[in-house]
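This structure is a prediction, so every number in the text was calculated from the model and none was measured. Order of listing sets the numbers, starting from 1, for every ligand and every atom in it.
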Amino acid sequence: MLTFSRAVLTLGLLLGLMSRLGAAQSIQIANDPGPLAKQVRSEFLYSWNAYKQYAWGHDELLPLSKSSHDWYGVSLYMTPVDALDTMILMGLNDEADKARELIDKNLSFDQDISVKNFEVTIRLLGGLLSGYQLTGDKRLLELAQDLGTRLLPAFNSPTGMPYMFVNLKTGKTSGAVSNPAEIGTLMLEFGTLSKLTGNPAFYDKAKRAVTELYSRRSKIGLVGSTINVETGAWVDTTSHITGGIDSYYEYLLKSWLLFGDKDLEKMWKTSVDAVNKHLADNARTGFWYAQVDMNSGRKISTHFGSLDAFFPAVLARAGDMDRARKLEDSAYKMWTTFSIEPEEMDYSTMKLVSPGYALRPEIIESAYYLYYYTKDDRYQEMAATFLGSLVRYCKTDSGYAALRTVETHSQADSMESYFLAETLKYLYLLYAPRETVDLNKVVFNTEAHPLRKTW
Ligand code: DMJ
């Protein structure tokens with residue numbers, strides 16, 4: 001029997017959890033999410049169970065060799081940290097508790113390893129922050145603060161734009177030639193860390209980095225592919241929206257939305273105008289975005305791939321439904337042309353350029369945003385195609401595997417942590433009740449970790 005004091009305590013915990021979840025406002029966990037969401041959830045559990053069986057405590061599962069892989073020789077618990085908030089959103093509470101216990105007890109950033117600032121920020125810092133916001137587990141915030149502090153030396157370049165790599169123990173940096181995505185995809189995580197800890201240094205460093213980058217845009221408003229963070233000189237002036245630049249644009253928009261920062265609003269609006277003016281291409285095969293020279297706007301190539309397919313989501317979040325819909329239609333054409341999505345193809349010929357499929361989420365993420373804002377069933381129908389191809393070609397007897405080539409569907413021994421953080425999360429959300437996430441209040445980081453303005 002529940003005593004009065006226990007009942008008060010239980011109610012207090014429940015109210016506390018609800019306010020952290022923002023249950024009445026921004027995130028609601030569905031008890032019965034519907035049959036297709038349940039199917040996605042069971043594919044998630046299938047993959048997570050394979051991780052538990054063959055890679056527990058390591059960064060990632062190797063699904064074909066049924067073994068594990070640690071990015072830097074020691075585990076930074078990439079998969080559990082990346083997957084934690086997906087479990088919470090899916091209502092997999094026991095699994096989430098076990099993952100959180102594993103992280104709380106074992107994850108240590110006191111390691112003499114040189115890590116990629118960008119990857120560790122979007123996967124680990126983002127995952128720890130969203131995990132903290134969803135559960136109130138203070139250990140996750142402590143870990144985030146420790147990690148953020150260890151990453152800060154990355155910004156100690158003459159320009160303030162971060163080096164690519166930083167040693168977590170010594171702070172030694174390396175990798176002076178970086179790219180807009182790695183320089184400009186830090187504000188959501190570092191900014192949230194500042195807001196939650198009261199230390200402005202994280203926000204300020206990440207904002208300076210993106211501001212320095214933006215200030216080096218060309219006269220026509222574009223950025224290039226690679227830049228030297230010590231000299232501030234462009235190394236490669238090819239402009240595009242694919243990997244290496246992609247999430248720079250995403251974070252201009254989302255940093256404005258999450259923090260209400262007017263400087264970011266201006267940077268986003270100027271940048272997206274330039275991208276739409278110089279990269280958008282109404283070709284015979286559809287509406288696409290090309291590669292052009294950042295200074296002249298001269299077209300360099302007509303390649304488009306799975307990473308580019310993030311852009312409809314960003315356009316939709318910004319309210320540009322027309323371009324978002326057209327580009328998602330093109331990306332869907334790419335998926336169906338090859339039976340599953342290739343890393344890259346040439347849209348002028350619809351021929352393969354890079355044939356692998358790395359279990360990437362972007363086209364699914366875009367379908368989710370479009371479904372959320374338009375309520376058009378077309379995007380759930382697309383999602384059925386995505387789920388069908390994934391199950392048919394990528395499912396193994398121990399988790400899911402990337403494909404070496406979409407031509408023969410031969411599999412590769414890799415299940416990146418973003419498959420659980422992003423790919424299956426967005427698929428689930430496409431079918432779960434709309435209220436599961438209030439997209440007007442929640443901002444997903446580029447690894448699909450939901451962040452909320454709780455400050
Ligand atoms: C993820 O780590 C993130 O979405 C990143 O922005 C791009 N690459 C992968 C997924 O493809």
**Q** At less than 4.0 angstrom from any atom of ligand 1, which residues have a non-hydrogen atom? List them by chain and residue number.
**A**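 These residues qualify: Ile122, Arg123, Leu307, Arg360, Pro361, Glu362, Tyr418, Glu422, Thr446, Glu447.
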
**Q** Can you list everything that forms a side chain to side chain contact (heavy atoms under 4.5 Å, CB included) with Ser75? Sequence neighbours excluded, please.
**A**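 Only Asp59, Asp70, Tyr77 meet the side chain to side chain contact (heavy atoms under 4.5 Å, CB included) criterion with Ser75.
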
**Q** Quick check on Arg216: does its CZ atom have over 12 non-hydrogen neighbours (other residues, nucleotides or ligands) under 6.0 Å away?
**A**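 More than 12 heavy atoms, drawn from other residues, nucleotides or ligands, come within 6.0 Å of this atom.
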
**Q** Residues in side chain to side chain contact (heavy atoms under 4.5 Å, CB included) with Lys116, at least two apart?
**A**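 Testing Lys116 for side chain to side chain contact (heavy atoms under 4.5 Å, CB included), a comparison that skips the adjacent residues, returns Tyr72, Glu119, Met164, Phe165, Glu182.
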
**Q** Measuring only between side-chain heavy atoms, which start at C-beta, is Glu60 closer than 4.5 Å to Ser68?
**A**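 Answer no - side chains too far apart.
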
**Q** List for me each residue that meets salt bridge (Lys or Arg N to Asp or Glu O under 4.0 Å) alongside Lys266, sequence neighbours excluded, and say none if there are none.
**A**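 Result, salt bridge (Lys or Arg N to Asp or Glu O under 4.0 Å) vs Lys266: none returned.
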
**Q** Would you kindly say whether Asn179 and Thr226 are connected by a side-chain donor-acceptor distance under 3.5 Å?
**A**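 No pair is found: no donor N or O on one side chain lies under 3.5 Å from an acceptor on the other.
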
